[in-house]
Amino acid sequence: MSRYNVKEIESKWQRAWETARCFEVEADPQRSKYYVLEMFPYPSGRIHMGHLRNYTIGDVVARYKRAQGHNVLHPMGWDAFGLPAENAAMDRGVHPAEWTYANIDAMRDQLKTMGLSIDWSREVATCHPEYYKHEQAMFLDFLEAGLAYRKESWVNWDPVDQTVLANEQVIDGKGWRSGATVEQRKLPQWMFRITAFSDELLDAIDDLERWPEKVRLMQRNWIGRSQGARVFFPIAGRDESLEVFSTRPDTLYGASFCALSPHHPLTEELAESDPELRAFLKECEQLGTSEEAIERAEKRGYDTGLRCRHPFEPGKELPLYVANFVLMEYGTGAIFGCPAHDQRDLDFARRYDLPVIPVVLPPDADASTFEIGDEAYVGEGTAFNSRFLDGLDVDSAKAKAIERLEADGSGQGTVQYRLRDWGVSRQRYWGCPIPVVHCGECGTVPVPKQDLPVTLPEDVDFSAPGNPLERHPTWKRTSCPKCGGAAERETDTFDTFVESAWYFARFCSPRAEEALDRMSVDYWLPVDQYIGGVEHAVLHLLYARFFTRALQHCGYVGVAEPFAGLFTQGMIGHETYRSQDGKWLAPNEVRRGDGDDLVDLDGRPVTRGRVEKMSKSKKNTIDPTEIIEAYGADTARWFMLSDSPPDRDMEWTEAGVEGAHRFVQRLWRLITERVAEMPAAGTPATQGLGKDAMDLRRAAHKAVQSVTGDVDQFRFNRAVARMYELTNTLAAFKAKDEGDRWAEREATEYLVRMIAPMMPHLAEELWRILGHETMLVDKAWPQPDTTLTVEETVTVAVQVNGKLRATIELPRDAAEEQAQQAALSEPAVQRSLGEKEPRKVIVVKNRVVNVVA
RNA sequence: GCCCCUGUGGCGGAAUUGGUAGACGCGCGCGACUCAAAAUCGCGUUCCUUCGGGAGUGCAGGUUCGAUUCCUGCCAGGGGCACCA
């Protein structure tokens, strides 16, 4: 008997699907559509296990929905702009474009060995001018709609590399590449007005029912809507007021100071004539934006000498500080401090000896004795020491305080968001050029749409630090579209999150002249099922949601939300290994020694570490292409889906892959051995099947029913278990007559059809072996016969006082009396009842009989 | 610090959502085949047991005829946000 030749058969079917163009689809309003999308990869050059898991899950969904009759769009593309290409250019002198396209070719080949049901005719790479020219046009529309603008804002500046760094590229206040101390610089930056949609983006989260609750929560927190008040504090001796934001206007009577952000305009003004303040600001700057570094930073401030008048008590004056913990980006860049009810304010007050006046009394505290120690009181309570607010609970006091502020004209109730506008300028070469020119006469002028795309120059020099676009000899020299005079191109390029904020829409009409063919996007959008890692729970998903709304606003698409369903997969981990001298060892540098002990290739002992996320630094990575090479794509896919629920982290183990591979071989053997005995494909059902045949039919139909439900709910590990069960049943089945053999064929075919989305090559081959001429990929998903999935008899548990004593077989839906009688006549029940009389008998139909004594 | 999630055999995990805890897989043990090994097949596999049973889903309580499931309080692990006024 022949062994299953994985390689030959897998590539045979991959070619067959491609030749038949099985997965190339067209919009067809007559048919129900289903758009499955996995987050597209960055073309690093090699696929990794995360891709393998992501695309396996997506492919199961795509093939399953396809089998259910939907017109399935399942495209693939490349998130092709980004820093690694420039690093490669600097390190190895290879041009970013060349590096990127070569990587794309390599990764496409690798992905194709997975046997994915992808419409490759729709492939796009975001670094291609045919892609990004549309992005530039969108930007011009956003600009016109007021959704894009330019403003001065603070950035992390690496003085050695002459470049702006993202927050995650600043490590301990130093540039990740140069190691230079990062400075805060103010630069003009292009921004997207995501805050224009703050409320919409927040409220619409409620309707994203097929998103993980975790992601919805993270987005809500990120947007961070908070209700509060803007309050004006007149500055003594000046003709202006300090505007602060507070969520706690009810604590105004507890205010003991006001504080400005180091970046506040008033701070800057004061600093001009105050060297001491300048020194303090310098200190603040050194803290940088590096989060870990400021962790233990003390609350510090500088007394400006100015005094603010309390809005409710003009006689009361509060000192005005500049404080290192006040953010310019949030609220108004200024606060009033109420030490009694805010921890940061309390820390600050203790340091500078400021009064601590409690104004909220905890429910069971005594007003005459209540004091604040080292901890601010932030809980519920009643206002006191607060004049007209006294006696009110926190919420009523807030409302009343706002009412009064508004009446006095010294403030108003407002809503504040944590969400900030999205800065999209990057001082980099390998990104989408921002299509504007700077003219000495006309200022910033958009490039006219007919002049798009603004393409990147190819002859660039990466030998020096800084933006190659900036120092290119000719590229930025151009003429002003308005006045025709000499002008300079914008040398900033877009953040790469911009490309990924609309690629799902481009996939609907990837070759269209216009950016988005309206008929296509109206048919395909929104994405029905989006699949990817949780690491994109906030930024990418929020940007894409914003961008879709902006596109809707500008008339490109008809939907506001891009992703109707979202699934976030877990990470893949592997055991870690270390040699005696503490060096990490890769899994293939380790083997079994005596017993359970591990040794390295020279036989020296190895310590086994915990399972950790695969990473190059810990050397615990496994290359998916090697797995596919050794076992085939089906085995790799099957293992990915077995055992662990897809949203949880899973551990990659050699034993697990072996187990999956064993199943591939077992199924192959089982079916090839038996097919000759089975009736021909398509033989009609024999009349009068025996008990064994009926039992097998029931098992098969029940398996179809539960696998269908499991796949619908992304419970692939359970679906796999059900298919193992059916395989076991089938293996134990001994056909004795024609009827048995007919049932055996039916069950076998159902099994093969259910396995198809997960192991498409094996399924296709077995389908052929079972005598079918047409491809399984075109066969509909099986429908269970519901008359077979309901058992005639059920096993009912019998308990005495809640403890299991026996099980009884009863006809389905048997009457309570019958169940009760059968239960009580069980010897085990009698034995455990002993002398006692049953006081009560609880009967749950088809489930349990509980005798209470 | 705040918010969220997760704790079930040696391991990954099931449990019809309040009704027989441990499906299925891995691992392990025993047996068959073999000169032998691998592969394969069969049986067993939560723990204790005086073989009647008893205990058991992180820990301690509670609700219930009945709790892995619901409630309260702890403990442990993981994640998110982080001077957000």
Side-chain angles (χ1 to χ4, degrees), chain A residues 3 212-215 217-218 220-222 224 226 228-229 231 244-249 251 258-259 261 287 291-292 294-295 297-299 323-327 329-338 341-345 347-348 375 378 416-420 534-535 537-538 596 611 638-639 642-645 648-651 653-660 662-663 665-666 669 706 709 715 717-728 731-732 795-808 828 831-832 839-853:
Chain A
R3 209 172 143 82
E213 200 44 58
K214 181 168 71 167
V215 175
L217 185 74
M218 281 163 75
R220 283 194 188 100
N221 290 342
W222 189 265
S226 49
V231 185
V244 309
F245 173 75
S246 173
T247 55
R248 296 297 302 272
T251 63
C258 285
S261 158
L287 288 172
E291 291 107 26
E292 290 306 311
I294 9 173
E295 176 127 348
E298 277 175 286
K299 315 275 169 290
N324 62 357
F325 64 93
V326 181
L327 299 175
E329 292 80 9
Y330 188 79
T332 61
I335 61 158
F336 79 78
C338 174
H341 305 292
D342 184 291
Q343 193 58 46
R344 289 157 305 169
D345 296 348
D347 294 345
F348 190 83
E375 270 181 48
V378 295
Q416 191 65 43
Y417 299 89
R418 181 186 177 276
L419 184 68
R420 294 177 209 159
V534 241
E535 64 272 21
V538 178
D596 272 350
V611 175
W638 188 252
F639 176 56
S642 323
D643 294 351
S644 296
R648 267 200 233 174
D649 290 351
M650 70 173 281
E651 186 192 350
T653 61
E654 191 69 10
V657 189
E658 299 271 358
R662 231 174 0 246
F663 179 67
Q665 297 290 355
R666 182 179 179 217
R669 224 180 310 113
S706 44
R715 305 182 65 159
N717 56 321
R718 232 166 62 136
V720 165
R722 297 286 92 90
M723 292 191 260
Y724 272 123
E725 261 171 347
L726 183 57
T727 308
N728 291 343
T795 310
V796 170
V798 182
Q799 303 175 330
V800 175
N801 291 328
K803 287 210 165 111
L804 183 72
R805 294 301 168 191
T807 56
I808 51 177
R831 200 179 330 124
S832 90
R839 284 192 287 128
K840 194 168 153 193
V841 180
I842 286 144
V843 180
V844 180
K845 206 175 245 183
N846 301 330
R847 286 275 147 72
V848 76
V849 177
N850 190 9
V851 181
V852 187

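Chain identifiers are assigned alphabetically (A, B, ...) following the order of the sequence lines, protein sequences preceding nucleic acid strands; residue numbering begins at 1 within each chain. Just the heavy atoms: all of them, side chains too, but no hydrogens, waters or symmetry mates, feed the values below.
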(request) Please determine if a side-chain N or O atom of A:R805 lies less than 4.0 Å away from the OP1 or OP2 oxygen of B:G53. (result) no
(message) Quick one, A:F325 and A:D347 - any side-chain contact, counting heavy atoms below 4.5 Å?
(response) no
(request) For the side chain of A:N728, starting at C-beta, report the closest nucleotide among B:C26, B:G25, B:C41. (result) B:G25
(request) Please state how far atom CD in A:E535 lies from atom P in B:G79, giving the value in whole angstrom units. (result) 13 Å
(request) Take atom P in B:G58 and the same atom in B:G9, then report the distance between them in whole Å. (result) 8 Å
(request) Please check the phosphate of B:G25 (OP1 and OP2 only) for any side-chain N or O of A:Y724 closer than 4.0 Å. (result) no
(request) Take atom CG of A:L726 and atom C1' of B:G25, then tell me their distance rounded to the nearest Å. (result) 16 Å
(request) Rounded to whole angstrom, note down the C1' distance from B:C30 over to B:U17. (result) 39 Å
(request) State, yes or no, whether a side-chain contact exists between A:V796 and A:T807 at a heavy-atom distance under 4.5 Å. (result) no
(request) Tell me which nucleotide among B:C41, B:G54, B:C83 gets nearest to the side chain of A:R666. (result) B:C41
(message) Measure CG/A:L217 against P/B:G80 and give the value in whole Å, please.
(response) 13 Å
(request) Among B:C65, B:C81, B:A85, find the nucleotide with the atom closest to the side chain of A:W222. (result) B:C81
(request) Just label B:G52 as syn or anti from its O4'-C1'-N9-C4 or O4'-C1'-N1-C2 angle, using within 90° of 0 for syn. (result) syn
(request) Looking only at side-chain atoms of A:M218, point me to the closest of B:G80, B:A55, B:G25. (result) B:G80
(request) Name the residue closer to the 5' end of RNA chain B, choosing between A:G333 and A:V852 according to the nucleotide with the nearest heavy atom. (result) A:V852
(message) If a pair means Watson-Crick or G-U wobble with both distances below 3.5 Å, what does RNA chain B look like in dot-bracket form, with | marking bases paired to a different strand?
(response) (((((((..(((......[....)))((((((.......))))))(((....)))..(((((..]....))))))))))))....
(message) Strictly distance-based, threshold 3.5 Å: is any side-chain N or O of A:S261 a donor or acceptor partner for the main-chain N or O of A:V326?
(response) yes
(message) Between A:K214 and A:V534, is there a side-chain heavy-atom distance shorter than 4.5 Å?
(response) yes
(request) Would you please confirm or rule out a distance under 4.0 Å between OP1 or OP2 of B:C2 and any side-chain N or O of A:R344? (result) no
(message) Without decimals, in angstroms, what is the distance between A:E654 CD and B:C26 P?
(response) 14 Å
(message) Would you compute the distance between atom CG of A:D643 and atom CZ of A:R648 and round it to the nearest 0.5 angstrom?
(response) 12.0 Å
(request) Would you indicate which nucleotide in B:U40, B:A85, B:A23 comes nearest to any side-chain atom of A:R669? (result) B:U40
(message) Taking only the C1' atom of each, what is the distance from B:G80 to B:C11 in whole angstrom?
(response) 29 Å
(request) Find the distance A:D347:CG to B:G1:P and express it as a whole number of Å. (result) 13 Å
(request) For B:A37 and B:U16, measure between their P atoms and round to the nearest Å. (result) 44 Å
(request) Classify the glycosidic conformation of B:G29 as syn or anti, calling it syn when the angle lies within 90° of 0. (result) anti
(message) Say we look at B:A39 and B:U34: how far apart would their C1' atoms be, to the nearest angstrom?
(response) 11 Å
(request) Round to a whole Å and report the spacing from CG of A:N221 to P of B:C4. (result) 9 Å
(message) Side chain of A:A655 only, heavy atoms from C-beta on: which candidate in B:A85, B:C26, B:G80 is closest?
(response) B:C26
(request) Rounded to the nearest angstrom, tell me the gap between atom CZ in A:R662 and atom P in B:A39. (result) 8 Å
(request) For B:A67 and B:G18, measure between their C1' atoms and round to the nearest Å. (result) 7 Å
(message) Suppose you measure atom C1' in B:C26 against the same atom in B:G13; what distance do you get, rounded to whole Å?
(response) 11 Å
(request) For each nucleotide in nucleotides 12-20 of chain B, reading 5' to 3', give B when a protein heavy atom comes within less than 4.0 Å of its base, S when such contact involves only the sugar-phosphate, and - otherwise. (result) BSSSB--BB
(message) I need the CD-P distance between A:E725 and B:G22, as an integer number of Å.
(response) 13 Å
